[in-house]
Structures are given as C-alpha cells and as structure tokens.
> 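Let me begin by handing over the structure; questions about it come next.
Each chain gets a letter, A, B and so on, in the order the sequences are listed, and its residues count up from 1.
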Amino acid sequence: MSEQGTGQQDAEQGYDFKAIQDRWLPVWDELKPFEVPVGHESDKPRKYVLDMFPYPSGDLHMGHAEAFCFGDILARYWRGQGHEVLHPIGWDSFGLPAENAAIKRGVDPREWTYANIAQQKASFRAYAPSFDWSRVLHTSDPEYYKWNQWIFLKMYEKGLAYRKASWVNWDPVDQTVLANEQVLADGTSERSGAMVVKKKLTQWYFRITDYADRLLDDLDALEGRWPAKVLSMQRNWIGRSRGAEVEFEIEGRDARVPVFTTRPDTLHGATFMVVAPDSDLAAELAAGASGPVRMQFQAYLEATQKQTEIERQSTDREKTGIFLDHFAVNPVNGERIPVWASDYVLADYGHGAIMAVPAHDQRDLDFALKFDLPVRVVVDVRDEEGEPLQDPAVSGVATSGDGTMLNSAELDGLGKDDAIARAIETLEARGTGRATTTYRLRDWLISRQRYWGTPIPILYAEDGTMQPVAEAALPVQLPAAAGLDLKPKGSSPLGAATEWATVVDPETGETLTRDPDTMDTFVDSSWYYFRFLSANDPTQAFDPAEAKKWAPVDQYVGGVEHAILHLLYSRFITKVMFDLGYIDFEEPFVDMLNQGMVLLDGAKMSKSKGNLVEFASELEEHGADALRVTLAFAGPPEDDIDWADVSVQGSAKFLARAWRIAHDVEVGGAPVGVAFDGGDKALRRSTHQLLIDGPQLAESYKFNVLIARLMEQVNVTRKAIDSGCGVADPAVRESAEAIAVVLSMYAPYAAEDMWAMLGHEPTVALVEWPKGDESLTVVDEVLMIVQVDGKVRDKITVSASITDADAETAARASANAQRAIGDREIVKVIARAPKIVSIATKPAA
RNA sequence: GCGCAAGUGGCGGAAUGGUAGACGCGCUGGCUUCAGGUGCCAGUGCCCGCAAGGGCGUGGGGGUUCAAGUCCCCCCUUGCGCACCA
C-alpha cells in the first residue's frame, strides 16, 4: 500500500485536506474496516456505540455534524482501546414530513424519503463516521416495519395493545391524533405547531402505564450514567404520586365516588367536592340536577372545551365553576358537602374528582373564597419562629406545610406523616378508602390517521369484532401512494384504498376490513437498536443470541429533545422484550451523552431567519477533519456551540502542524520499527503522559481537553524537531505515531495520512493505542510552591523524591519566603512534598 | 410558583482542596516570505513599578481550612425542565 503514502506529496505543497480525503476514501471503501459481520466471533471485549438515527428531511445539517462527531469519537476511541465496536447507522424514515412534502409537491413519499436518504448517505461518506454500513436499516422498508407489526401483535396477545374510546389530542392541521408526549407545554403540536384540540375517538393504545413503576424506579440505576436533566424530565413525566383513594357517598346515587388525594390526613377539612366538568360523573350529576343548573352546566362545559390549553393552564386565572345541585357525604365525619364542577380539576387525572380542603390547598382556597364556601383549618402549621400562621380564610394563603392535626377527631395531635398513615388505616378499616398511587403518565396512543407509517395489523369483521393478522401474513404492506389522496381529512388515507383494505378470510370466506390507521413513528424508533443486531435477518426481529452478545447499547449519543418521547418509549419496549423473554436486561442504553446545539450568534439556526451555517458548504470549504476537530474542541460536548465563537481555521492550522510532524519524520526521521528506548527523555515523558491521561479524558467526554493535550504534544514535538533533540531522534517518531493514533478519533483522514507517512499500512482506525509507560513519566526535579499565609511567595526546584522535612527546610531557606515572613512568628508549616510547602504566621509577640 | 444546571480574561474554555486562566481564538510587536488572508518567534487577567517585586482577581456576602473557582450557609443573575396533577 506504499503507493498510497505521500512520497509524491512534497513539503512545499503541505497539508491538503482535499487530496487527503480523495486519497483515503477509496481505500476505506475497499477495506470496510468498520464492518462487524453478524455472528463474527472475537476475543475482544465488545462495545455497542449508537447515535440516534437521523430523520431524512433534506441533507445533513450542523446538528447532525455535532452529534455524529461525538458518537464517532467514542466509537473510534473504543476501537483504539482494543474493543470490537458495533457502530451502525440507519434512518428513521417514516413520518409526516415526507407525507407533507409529498402533498405539497405531488411526489410519492417514498421517492422523497429515499432520495433524501441517498443524499445523507453521500454526506456521511465524506464526513466519515466509522459506521458499519452492512447493517443499514430504514424503518420505512417492509423488512423493517414487518417487525413493528410483529411487536404490535405480541403486545396485543399480552393485552398491552388495546383499543378504547377516549378524549384525544387532535392536531387540526395534520388532521391526526397525537400522543400526550407530542403536545408541547403551550398546547401546540410539536410537529405542526397548531393548537391541539380534544376529540373523542376510538384509538389504539400501548399500556405503558402498567410499566410506570418500573420505568420510574429503574431510573435510579442510570444515575451518573445518563444526564441528570433527562432523568429528572422522565421522573417528572411519569409523575408518580402516592396517596389515598377516598370514597364519598353522593346523596341520591348508589355507587360511591372515589377521589384521589395525597393528603388523606386533611380529610376532616374537606368542605366541598369538585368534579371535572368534562368527566362522566359531572355529566351524570348535572343530568340529575334542576333545569337551570343543567343549562348552566352545559354552557360551562362548552366554555371549558373551547379553551385553549394555554388559557386552561394559566395559573393565576380566576376560578370558575358550577354548583351541581348535589351533596356528598364526608366519610370521616358524615358531613354534607356540596359538589361543584370546575375546570381546575382534570378529568383524566386520578378519578376526575377531588375532595377540596381549602385551608391547606391553594387552589381549593381560591375556589372557596370565590364561591364563599367554608374553610376549616385542620393542620396547625407554624412559621420559622414557631408562631401560628394566619387563618387561610383571612390571609388567602393556604397552609400546605407540616404541622399538628386539629379538628380531626382521632388524628388530633399527630404530625403529617403519622396522620396520613393513621387516616389510611381508618379508611381501610371502614372500607371507604385505601392507599393508592396515581401517575401523570398516560397510556401511549399509537394510532395515526396518516399514510406514511406502519399499517396496524388488525382486521375487522362486519360485526366489528377484530382479529389480528396472522404472523405468517406479515408484513401488511403499505399500498402504493399512487391514486390515494394523502391530504389530511381526519381519517386515514388507507381506508380509501379499497382493494388493500378489503381482505377475504381464506378459511371462512368472510370479508374483513383492515384497520386503516398507521402507527406512531415512535414505535419504529423504540426498538431499532435491536434490529441493528440482525439487520438483514428475514426470520426474526432480532436474534436473542446477538442481543446477548451486543446489547444493551453501551453508549448512546443524541439530542436532549428526545429526553421524554423516544427514550421513555424505548425503555418501555425494552422492558416488554424482557418480559417476553427475548432479552436478559431491562434498560436499553447504559450510558448516554446529550450533545448541545450548534447556534449562530446566540440563536438556533434556521433557514427562515437566515442564520444558517450549511453543513455541506463547511464540509466543502474546510473538510471533514477540521469540522470535526472544531466541534470537539469548542467545549464540553453537552454545551451549546456558537459557530460565531469557533475557528475552523484554527483547527485546520492544528491539523496542518500535526501532519507536518509526520511529514518531517517521513523525510528525515528514525526508521519505522526503531526502538524508542534511547529517545529523548523529555519528549518521551510527554508522549507517555498523553497516552496515560487520554483514556480518562475520553471516557469522561472531555474531548476538548484531550484535543488541547494533543495540541501541546504537537507543540513540544515541533520544538524537539526544530530546537531540541532533532527529527532523527526515535522519540520524535514515537510521538508522531502516538499523535496519529490518538488524533484518529477526531480527524480520521489526517491521521490516516500521517500513519502512512510514518510507514504503516492502513488503517490507523484499527490500531490500538500504544500503552503509556508510567516509568517514563517520572521526573527527577519538580517546581515546588512555597506559600506564606496562603500566598505564593516562591517556586523552587527540588528533587521529586524530597521528604516533607527537607521540603520544609528548603522552603524556610527561600529568600522570598523569608522576606514575606519578615519578623512574624511561624505558627505552622504544612509540607506536601514535593508539591507545596505552606507556612502560616502570626504577628510577633 | 416548584425543581435542576450553570456563572472564571476581549471570546470559547482548562483546573483529584495545593502555581487560577491549560489549550485555542483574537490582539500587540518582531522575523521570514513578500501578492500575501501562509509560516515562525515573543508578549497578552487587571492595577502600581524601569526592574526586582507588590496589590487585586473565578456573580455578591458570610463561613470552614495552613490553603477555596472547588466544601458549607445566604443572596443575585442566566439557562433549562415542570406547572391548577389534587
């Protein structure tokens, strides 16, 4: 392969990234160094390094460049540490953008999607992440989505996939339902940006709430391995809340009404009940009320439903409500309390009804004061000085803290925790309540009324009974888009594909109709990391034996925007796979890195705002290596990078300096294979310190610091060549080789070219890091700090093996130190040889 | 409102309780080349000083310690997340 070397590249020409890229791309295409064939056996330890796979909307952008840069650094790092690394790539290629583009331009979503994929593949090739291209997958391939359907059927069998009628989030622009997770905090759709409305529809759900406790509790084991932010967001989202269910009788109604409360201790202070206006209970109670109340309620319900999410969520809104003309009975004291409907109670949380304790809950208090309802204090809450807080009815401030119970019969005198425990005991003994837990997490709504997704493998008979498609009949392929009207119209376009939708049961001859909806594309991405393990296997979703070998993913890299959706769903599906016995672990991603965003002038880049840095043009102008070094050197990977603050030129300059060292060695250095033993000590020390420190820096994601160390190494090597030991010293070759190997995780092209100039065969990407030798890093003499009263007064050169006593003597002898001490009295001397001696003084007596 | 991060030169950022500002960008001066926007050398936290040296300095205020950017308490600011969830 020597003709691939750079003998023909003369010194005048220097570092030329274009020539280098052109030289090595074909070689790598030939070598396929990162392919790990399925079933391949190796003695090496394994690492599964995965980037969140991209959505193929247009070409790659700077965000991709950053994310895939960090993932690739880690993949290449682990190869350098002697691991066999699986680093696959695929495309999350189902979804609305393809469909919307198709509608807008009249092209087939397939064409649009696969054209974009081809473009991204081409960009990736130049950018050169070390992907295993033999395992590529696209979720829109029938070979892939067949297994979505298989998972759906498995879940259906287990009762984890079910259909129900419910109020759902409806996106009026995309004309489809959305999962709770796809509705942003301001009530708009994360996709279309439209204000989401509520609609009652029968839809398919995955029973993720069955897994709420496991999804929450298992987060503890990810502490320190996942970003704290993601863990907290997931905990928030699951929103477990422990408390009690309390049953209230309602006069004139047979069945008791359960309410959920986290404060059963305050039950004696419950002076009214509030139900959600859009709950079944409210409708029922209103129906049994007087005519005027019925009309008022109807108007109130309509007003509630018309409200946008923003209006409804505004916290400092006046309370509104309607008295429902009914009374409930407080189970602990038999008191008659009025039942109201108000929109501050949510229909889909708890039981859609609450016991209102206005003295100790601000919302209830606001409501009580507005409608003149009684407020009864049952907890004696004190301030920091131990003074009782003002009566909430007067102050308007509910006292929600801990305190001593009063006005609460047998609970009187107890503290909060004891009172809660006691209250629950009492309720359970009387059969009017029990300890219980509720969650904010809702079941995962997976039906979508759109075309470009996985068909739901369910058939309906004429009488409406459903039957799953037989596993052998999978995949249920999407019909061709041609001839279908893909415009959103509230029902799936697939329903109109009559030929596709109608199936005759071969056994019974019965005519069946296919479910016309497609699955949420988050189903696709919730298990793709398994598919990579058996990407081309037509017989199974993935091979459990391969999963045992490779999974879970050791290192996951991606944006924090998926902190809830994708990661929660993936964790859920992984647990389902565990329960089904296909895998022996319950968490899919062992370690996770969230890269920051790439900004321009402090703002998110956007084409419409005109502040865009184009990945393609940067790649063209500076090359992949300089781009990658720039991204990695800019700062910690979790931080945002402002493109206005970085210098791609600076990175290119560094690469050229590194490259020139290898070039100098090629021209006048020690021969390849030379023993490094006799080489320059100082340079060798630096080289080996780099090799020793490198791993801990890389493994703690301090890629920027490791590049700084590489720069220092290049600088000291330059100095050694020009004004030190000279280029022919073996230590220079040793340093150059170490630089090439370490640099290869950041700048694969430059490193490969250096490696060739240094007389080695490709590819440097598979070369293990030379071992750093601790014995070469010991120094004879060090600079010792002498402090007097905490201030540095001198720096003296001492033997590295100096004793504490000798260090103290040397420090006391320092003229600078003596001057600082003056006539003060030394009270204490702390010696930490050979680093520092600290002298503490006080004024002379 | 609740919760979680983070505040270090002109800028991006380094610093197991032990020399604050590594490395780089930018800037200043010089050399080389000279068409140079290349390359090389030196300098670059602020203030006083010719220098030696000294004073100040990691958002603010206290504290622990021989020693604090780092640990503890209070406050301020910014960013992010959640938010009528009973």
Side-chain angles (χ1 to χ4, degrees), chain A residues 14-15 185 227-237 239-241 243-244 246 259-264 266 270 274 276 312-317 319 342-346 348-357 360-364 366-367 400 438-441 560 563-564 629-630 633-636 638-651 653-654 656-657 660 696 702 704-715 718-719 722-723 783-795 816 819-820 826-832 835-841:
Chain A
Y15 172 72
K229 187 180 172 183
V230 175
L231 296 176
S232 113
M233 284 171 75
Q234 293 233 342
R235 290 191 176 108
N236 248 322
W237 187 262
R240 181 163 64 194
S241 155
V246 184
V259 305
F260 175 73
T261 177
T262 54
R263 294 294 301 272
T266 62
V274 187
R312 230 184 138 160
Q313 284 177 358
S314 160
T315 36
D316 45 28
R317 199 165 51 106
K319 290 278 181 288
S342 174
D343 60 8
Y344 83 90
V345 173
L346 309 176
D348 60 355
Y349 186 77
H351 298 283
I354 62 155
M355 63 177 219
V357 184
H360 308 295
D361 182 289
Q362 190 61 46
R363 297 155 294 173
D364 296 344
D366 293 343
F367 193 84
S400 55
T438 60
Y439 304 88
R440 209 181 78 116
L441 181 70
V560 74
I564 297 173
V629 167
T630 302
F633 185 59
E638 304 85 352
D639 290 2
D640 291 347
I641 297 172
D642 194 324
W643 208 245
D645 293 334
V646 302
S647 166
V648 191
Q649 289 289 343
S651 306
K653 201 165 109 184
F654 157 65
R657 281 168 63 80
R660 230 172 285 126
Q696 68 191 42
K702 292 183 175 179
N704 55 330
V705 182
L706 184 42
I707 290 184
R709 296 294 303 277
L710 268 172
M711 288 172 166
E712 284 181 279
Q713 185 64 22
V714 167
N715 291 344
R718 182 81 261 157
K719 223 165 228 152
D722 292 345
S723 54
L783 210 54
M784 187 177 76
I785 306 308
V786 181
Q787 285 185 351
V788 178
D789 292 327
K791 287 189 165 56
V792 178
R793 293 301 179 186
D794 205 356
K795 303 168 185 184
N816 284 338
R819 185 148 37 81
I826 293 175
V827 290
K828 197 170 186 182
V829 179
I830 287 123
R832 295 277 180 276
K835 294 190 76 169
I836 193 165
V837 173
S838 184
I839 300 168
T841 71

> Across all strands shown, which nucleotide pairs with B:rC27 by Watson-Crick or G-U wobble geometry, both distances under 3.5 Å?
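When the pairing criteria are applied, B:rG43 turns out to be the nucleotide that pairs with B:rC27.
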
> Side-chain N or O of A:Arg440 less than 4.0 angstrom from OP1 or OP2 on B:rA83?
yes

> In whole Å, what separates the P atom of B:rU58 from that of B:rC11?
16 Å

> Which base sits across from B:rU65 as a Watson-Crick or G-U pair, both distances under 3.5 Å?
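Matched B:rU65 with nothing under the 3.5 Å cut-off.
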
> Describe the nucleic acid contact of A:Ser232 in one word from base, sugar-phosphate, nothing, applying a heavy-atom distance below 4.0 Å.
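No contact.
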
> Whole angstroms only, please: what is the CD-P distance between A:Gln787 and B:rA67?
9 Å

> Between the side chains of A:Asp789 and A:Lys791, is the shortest nitrogen-to-carboxylate-oxygen separation below 4.0 Å, so that they form an ion pair?
no

> Please name the nucleotide paired to B:rG57 by Watson-Crick or G-U wobble geometry with both distances under 3.5 Å, or report none.
none

> Under 3.5 Å, is there a donor on one side chain and an acceptor on the other for A:Ser241 and A:Tyr439?
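No donor-acceptor contact under 3.5 Å links the two side chains.
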
> Under 4.0 Å, heavy atoms only, any strand: does A:Lys795 hit a base, just the sugar-phosphate, or nothing?
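Base: the residue A:Lys795, judged by heavy atoms under 4.0 Å, touches a nucleobase.
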
> Across nucleotides 26-53 of chain B, 5' to 3', mark each nucleotide with B, S or - according to how protein heavy atoms within less than 4.0 Å reach it.
-------------SS------------S

> With sugar-phosphate meaning primed atoms plus P, OP1 and OP2, does A:Asn715 contact a base, only sugar-phosphate, or nothing at under 4.0 Å between heavy atoms?
sugar-phosphate

> Does A:Thr262 have a side-chain nitrogen or oxygen under 4.0 Å from the phosphate oxygens OP1 or OP2 of B:rC85?
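False: A:Thr262 side-chain N/O out of range (4.0 Å or more) of B:rC85 OP1/OP2.
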
> Under a 3.5 Å cut-off for both contacts, is B:rU77 paired Watson-Crick or G-U wobble with anything, and if yes, with which nucleotide?
B:rA6

> Write down the protein N/O and nucleotide N/O pairs, taken from nucleotides 5-15 of chain B, whose separation is under 3.5 Å; answer none if there are no such pairs.
unit_1, atom_1, unit_2, atom_2, d
B:rG12, O2', A:Ala634, O, 2.5
B:rG13, O3', A:Asn704, ND2, 3.4
B:rA14, OP1, A:Asn704, ND2, 3.3
B:rA15, OP1, A:Lys702, NZ, 3.2

> Between B:rA20 and B:rG30, how far apart are the P atoms? Round to whole Å, please.
33 Å

> Rounded off to whole Å, could you give me the CZ-to-P distance for the A:Arg240 and B:rA86 pair?
13 Å

> Closest approach of A:Ala356 and A:Val274, non-hydrogen atoms and distance?
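A:Ala356 and A:Val274 have their closest heavy atoms at CB-CG2, 4.3 Å.
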
> Between B:rA86, B:rC82, B:rA22, which nucleotide gets closest to the side-chain atoms of A:Asn236?
B:rC82

> Determine the interatomic distance between C1' on B:rC41 and the same-named atom on B:rU32; round to the nearest Å.
10 Å

> Is there a Watson-Crick or G-U wobble partner for B:rG17 with both distances under 3.5 Å, and which nucleotide is it?
none

> Go through the side-chain N and O atoms of A:Asn816 and A:Arg819 and say whether any donor and acceptor fall under 3.5 Å apart.
yes

> Between B:rC56, B:rC66, B:rA22, which one does the side chain of A:Ala840 approach most closely?
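Selected nucleotide: B:rC66.
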
